[in-house]
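Here the structure is laid out as structure tokens; the discussion comes afterwards.
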Amino acid sequence: MTMLLDIRGLSRDFGGVKAVSEVDFHMNTGEILALIGPNGAGKSTVLNMISGVIPPSSGEISFENQPMLQVAGHAYASLGITRTFQNLQTFDDMTVVENVMVGMHSKGKSSLFACGIKLPTARKEEKEMREQALKWLDLVGLPDISSRLAGSLPYGKLRLMEIARAMVSGPKLLLLDEPAAGLNHTETAEMSRLFKEIRKSGTAILLVEHDMDMIMQVADRIVVLDQGKKIAEGTPQEIQENKSVIAAYLGEEEEELVKG
């Protein structure tokens, strides 16, 4: 396997509070890596630093051997990094397929002028983008609702639409922040299937998630954070048997981790 993402000594302070402290891990191409930990462990902060939303206080982030700390956040998509957020980021007054097409903005080559007067090159590009968006709507299981307004969709389908939008540009790395939050058992199972299909396409996934059943089913490796520090890393089976990890969880989360 080829290393895709390399994180070294990643730290972030907020007003004197160290949210993340000296975190190290790496990802390989085509791998699903889960980042887990109790509430407040620093998982979303790590994801925000990797995706360029916030800068680290110290540490290094490399993507395909390219240092990322000086790369503007809006340029990440063109390099092959896309993400979703805990809170849905949708355009309710646009159709489902239009929402997905937004994910291809970094791939568009036609100028605003060409699009405005609908030059043949711009029309051809829009047609190709629509076809790609429809392809991904089919892959996520939403082939029949492309013309519906996004605001009319239930929560679970909006989550799938959001993943289609993140994938439509053909990223090398997909960052997901609690994609299964608020989903029922059937929707979570469908999302697990989708993650495996995405991995088959060659895209690596960095997944922040609380659903331990999902994590144990889809992850190749797991990194565990607690109070901003990495306390364990390994395969799902190794993490299930790690006493430090079990001690970091309380109540139902601990029971789920132990039972698998």
Side-chain angles (χ1 to χ4, degrees), residues 3-29 31-77 79-87 89 162-163 166 171-181 195 203-212 214-216 218-236 238-239 242 244-245 248-249 253 257:
M3 185 184 296
L4 182 69
L5 179 72
D6 191 22
I7 306 298
R8 295 176 183 268
L10 201 63
S11 300
R12 175 68 194 198
D13 300 335
F14 291 105
V17 177
K18 194 169 276 294
V20 176
S21 179
E22 299 290 326
V23 170
D24 300 302
F25 65 87
H26 74 277
M27 287 188 67
N28 298 314
T29 55
E31 178 181 39
I32 298 179
L33 187 142
L35 191 60
I36 70 170
N39 289 329
K43 306 181 295 297
S44 291
T45 301
V46 169
L47 208 65
N48 285 337
M49 287 188 281
I50 293 172
S51 60
V53 174
I54 58 173
S57 301
S58 60
E60 299 176 3
I61 301 171
S62 296
F63 181 69
E64 294 190 314
N65 295 317
Q66 176 180 344
M68 297 296 292
L69 296 187
Q70 301 304 316
V71 176
H74 63 79
Y76 277 49
L79 294 175
I81 302 175
T82 59
R83 72 165 290 178
T84 67
F85 294 82
Q86 286 185 28
N87 298 319
Q89 308 283 318
E162 194 174 41
I163 291 175
K172 299 171 184 176
L173 175 61
L174 175 61
L175 309 175
L176 300 173
D177 197 354
E178 298 191 25
F195 293 161
T203 297
I205 300 175
L206 177 54
L207 174 64
V208 170
E209 183 53 64
H210 283 289
D211 189 317
M212 295 307 302
M214 171 186 276
I215 293 298
M216 294 301 166
V218 305
D220 298 304
R221 289 188 300 121
I222 299 173
V223 171
V224 188
L225 300 182
D226 186 30
Q227 298 182 15
K229 297 180 180 180
K230 187 177 84 170
I231 62 170
E233 180 177 350
T235 65
E238 290 169 340
I239 295 302
N242 188 297
S244 297
V245 175
Y249 281 78
E253 288 185 342
L257 196 65

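This is a predicted model, so every value here is computed, not measured.
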Contacts of Glu209 that satisfy side-chain hydrogen bond (donor to acceptor under 3.5 Å, both in side chains) - sequence neighbours left out: none
Side chains of Pro236 and Ile222: does their closest heavy-atom pair fall under 4.5 Å? yes
Under the side-chain hydrogen bond (donor to acceptor under 3.5 Å, both in side chains) rule, collect the residues that match up with Gln227, sequence neighbours excluded. none
I'd like to know if the side chain of Asn48 reaches the main chain of Ser44, judged simply by a donor and an acceptor atom lying under 3.5 Å from each other, with no hydrogens or angles considered. yes
Which residue pairs pass the salt bridge (Lys or Arg N to Asp or Glu O under 4.0 Å) test when at least one of the two sits in residues 5-17, sequence neighbours left out? Asp6-Arg8, Asp13-Lys18
Counting C-beta onward and ignoring hydrogens, is there a side-chain heavy-atom pair between Leu4 and Glu64 closer than 4.5 Å? yes
Under the side chain to side chain contact (heavy atoms under 4.5 Å, CB included) rule, what do Val71 and Phe63 come out as? Steps first, then yes or no, please. CA-CA 11 Å; Val71 176; Phe63 181 69; over 6 Å; no
Keeping Asp211 on the side-chain end and Met214 on the backbone end, is there a donor-acceptor pair under 3.5 Å? yes
Sub-4.5 Å side-chain heavy-atom contact between Val46 and Phe25: yes
Salt bridge between Asp177 and Arg83, side-chain N to carboxylate O under 4.0 Å? yes
Side-chain touch Leu33/Asp220, heavy atoms, less than 4.5 angstrom: no
Work out which heavy atom in Ala248 is nearest to a heavy atom in Pro38; give both atom names and the distance. O-CG, 3.0 Å
Under 3.5 Å donor-acceptor, Ser11 side chain and Glu22 backbone: yes
Distance, nearest 0.5 Å, that separates CD1 of Ile7 from CE of Met49: 8.5 Å
Candidate list Thr82, Leu206, Ile32, Ile81, test side chain to side chain contact (heavy atoms under 4.5 Å, CB included), partner Leu174, passing option: Thr82
